[in-house]
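Counting convention: from 1, in listed order, for ligands and their atoms alike. Because only heavy atoms are used, hydrogens play no part in the values below, and waters and symmetry mates are left out as well, while side chains stay in.
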Amino acid sequence: MELLDGYDMADLRVGMIASHSALDVADGAVEEGFRTLAVCQEGRDKPYVKYFRSCRTNDGRIVSGMIDEVMMLKKFKDVLGPDNQEALRKKNVLFVPNRSFTSYCGIDAVEDEFAVPLVGSRNLLRSEERGDKKDYYWILEKAGLPFPEQIEPEEIDQLVMVKLPHAVKTLERGFFTASCSEEYYQKAETLLRQGVIDQDGIDLARIERYIVGPVFNLDFFYSPLTEMIELIGIDWRFETSLDGHVRLPAPQQLTLNESQINPEYTVCGHNSATLRESLLEKAFELAEKYVAASKEYYAPGIIGPFCLQTCVDKDLNFFIYDVAPRIGGGTNVHMAVGHPYGNALWRTNMSTGRRLTREIRFALEQDKLEKIIT
Ligand SMILES: Nc1ncnc2c1ncn2[C@@H]1O[C@H](COP(=O)(O)OP(=O)(O)O)[C@@H](O)[C@H]1O
Ligand SMILES: [Mg+2]
């Protein structure tokens with residue numbers, strides 16, 4: 001908040017790591033009248049530097065694109081360098097945390113070293129680190145929310161999901177499924193041998209009940225200004241190589257060799273969805289409980305976008321298997337066009353990025369920036 005005293009509020013920029021959901025945030029920011037700044041890493045900068053670069057008229061009106069300025073770095077984590085932080089503050093940047101920010105910079109540095117105002121709840125970002133003492137499962141339990149129960153390796157008597165990091169693609173998943181203890185040990189051994197997972201990963205793995213049913217990522221927004229919850233959209237994800245597997249007939253799946261037969265779960269795209277209306281009531285109840293618990297255990301609680309990642313079982317029960325306490329990774333699916341729920345609520349195209357930056361605008365107009373910045 002002290003840093004904001006030095007800011008020129010008439011010349012704010014919305015900044016973010018150029019990855020994950022950056023395009024949605026930048027698109028929304030431009031719609032809401034802000035300039036944008038993308039923190040790029042060399043070698044993965046083209047979409048931002050070249051292809052979605054903004055073009056404006058002399059008087060500032062947007063003609064095309066949405067990335068106004070770029071900070072080019074060798075590595076994303078260089079954004080933590082004091083000079084780079086200083087440069088962001090000089091440009092009056094309000095920074096929107098996404099998953100790439102926390103993954104590449106590290107949660108400790110995000111909490112203790114990044115002296116730039118964040119739009120969102122900085123302390124809650126840690127709850128996403130699976131295995132931490134007060135991780136999202138802990139919050140879900142406190143909130144009385146349904147999540148897939150944990151199962152010990154020796155007690156596997158139904159299909160389970162084993163969650164651990166990929167050994168080589170360190171920011172990706174080395175997830176696998178098993179329906180009994182024997183299959184668990186045998187698959188773990190195969191994947192260890194293939195170098196997909198490592199022993200450290202297995203020791204810390206979370207084994208939980210596999211929910212057989214469709215996936216809905218509920219992209220919610222909590223406004224600290226109105227104290228209201230909004231459902232902006234719903235997405236679900238394309239994952240490799242799982243989605244390739246399900247497009248093969250069963251007999252062909254069974255012919256896959258050892259290196260192909262266990263699907264990986266790396267997100268590579270998104271799609272849009274809606275819920276049957278009778279499930280909406282339950283969906284909002286999940287969000288209400290999550291918001292209340294976040295306020296109680298992680299004051300000031302959730303600020304802005306969050307994503308409840310759910311599966312729905314055959315009896316139409318929701319199970320939350322992951323919570324993103326920040327903008328979700330699937331919101332590009334409603335970038336610029338919005339989503340049926342967000343649009344219906346706001347009577348205009350409303351994506352998560354736009355809703356987030358509209359909140360910044362409202363906070364500025366009401367002189368309540370302190371409610372959305374940490
Ligand atoms: N308990 C579960 N039952 C069924 N599918 C699950 C379960 N947990 C995770 N998944 C599947 O695995 C994917 C990734 O899980 P998630 O916990 O969100 O991992 P990450 O932390 O990598 O985002 C989900 O998109 C979903 O398809
Ligand atoms: Mg997830």
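By the 6.0 Å contact criterion, CG on Asp367 is open, its count of non-hydrogen atoms from other residues, nucleotides or ligands being 12 or less.
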Item to complete: I would like to know whether Tyr290 and Tyr222 meet ring-ring contact (aromatic ring centres under 6.0 Å, His included); could you show each step before the answer?
Response: CA-CA 10 Å; Tyr290 178 76; Tyr222 176 70; over 10 Å; no
Practice prompt. Please step through side-chain hydrogen bond (donor to acceptor under 3.5 Å, both in side chains) for the pair Asp68 and Ser54, ending with a clear verdict.
Written response: CA-CA 5 Å; Asp68 289 310; Ser54 72; 2.5 Å; yes
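At a 3.5 angstrom cut-off on N or O pairs, Tyr210 does not count as close to ligand 1. Considering backbone and side-chain N/O of Ile211, one or more are found under 3.5 Å from N/O of ligand 1. An N or O contact shorter than 3.5 Å is missing between Tyr136 and ligand 1 by distance.
Between Glu285 and Lys282 there is no salt bridge, since no side-chain N of the basic residue sits under 4.0 Å from a carboxylate O of the acidic one. Contact check on Asp45 versus Lys50 returns no salt bridge, with no Lys/Arg side-chain nitrogen under 4.0 Å from an Asp/Glu carboxylate oxygen. Of the charged side-chain nitrogens involved, at least one lies within less than 4.0 Å of a carboxylate oxygen, so that Arg173 and Glu239 count as a salt-bridged pair. Using a cutoff of 4.0 Å between basic side-chain nitrogens and carboxylate oxygens, Arg193 and Glu258 are scored as salt-bridged. The existence of a salt bridge linking Arg276 and Glu281 is excluded, since no basic side-chain nitrogen approaches an acidic carboxylate oxygen closer than 4.0 Å.
Comparing Lys163, Arg99, Glu239 by heavy-atom distance to atom 8 (N) of ligand 1, the nearest is Lys163. Atom 16 (P) of ligand 1 has its nearest heavy-atom neighbour, among Glu149, Arg130, Arg237, in Arg130. If you check each of Phe175, Phe147, Tyr265 against atom 15 (O) of ligand 1, the one with the closest non-hydrogen atom is Phe175.
In this structure, Arg209 is positioned above the aromatic face of Phe319, its NZ or CZ under 6.0 Å from the six-membered ring centre and within 45° of the axis.
With hydrogens left out, the protein atom closest to atom 14 (C) of ligand 1 is Arg173 CZ, 3.2 Å, a heavy atom. At the top of the distance list for atom 12 (O) of ligand 1, counting protein heavy atoms only, stands Met161 CE, 3.4 Å.
Heavy-atom proximity to Val215, at under 4.0 Å, picks out these atoms of ligand 1: 27 (O). Using a 4.0 Å cut-off to heavy atoms of Glu208, the atoms of ligand 1 that qualify are 1 (N), 2 (C), 7 (C), 8 (N). Set against the non-hydrogen atoms of Arg209, the atoms of ligand 1 under 4.0 Å away are 1 (N), 2 (C), 3 (N). Interface of Pro148 with ligand 1, defined as ligand atoms under 4.0 Å from a residue heavy atom, comprises 1 (N). If you number the atoms of ligand 1 from 1 as listed, the ones under 4.0 Å from a heavy atom of Gln309 come out as 18 (O).
No single ILVMFWY cluster, assembled from side-chain heavy atoms under 4.5 Å apart, contains both Tyr184 and Phe175. One hydrophobic cluster holds both Tyr297 and Ile302 under the rule that ILVMFWY side chains link at heavy-atom gaps under 4.5 Å.
Inside a sphere of radius 2.8 Å centred on the Mg ion (ligand 2), the protein N/O/S atoms present are Gln309 OE1, Asp322 OD2.
There is a side-chain donor-acceptor pair under 3.5 Å between Tyr137 and Arg206.
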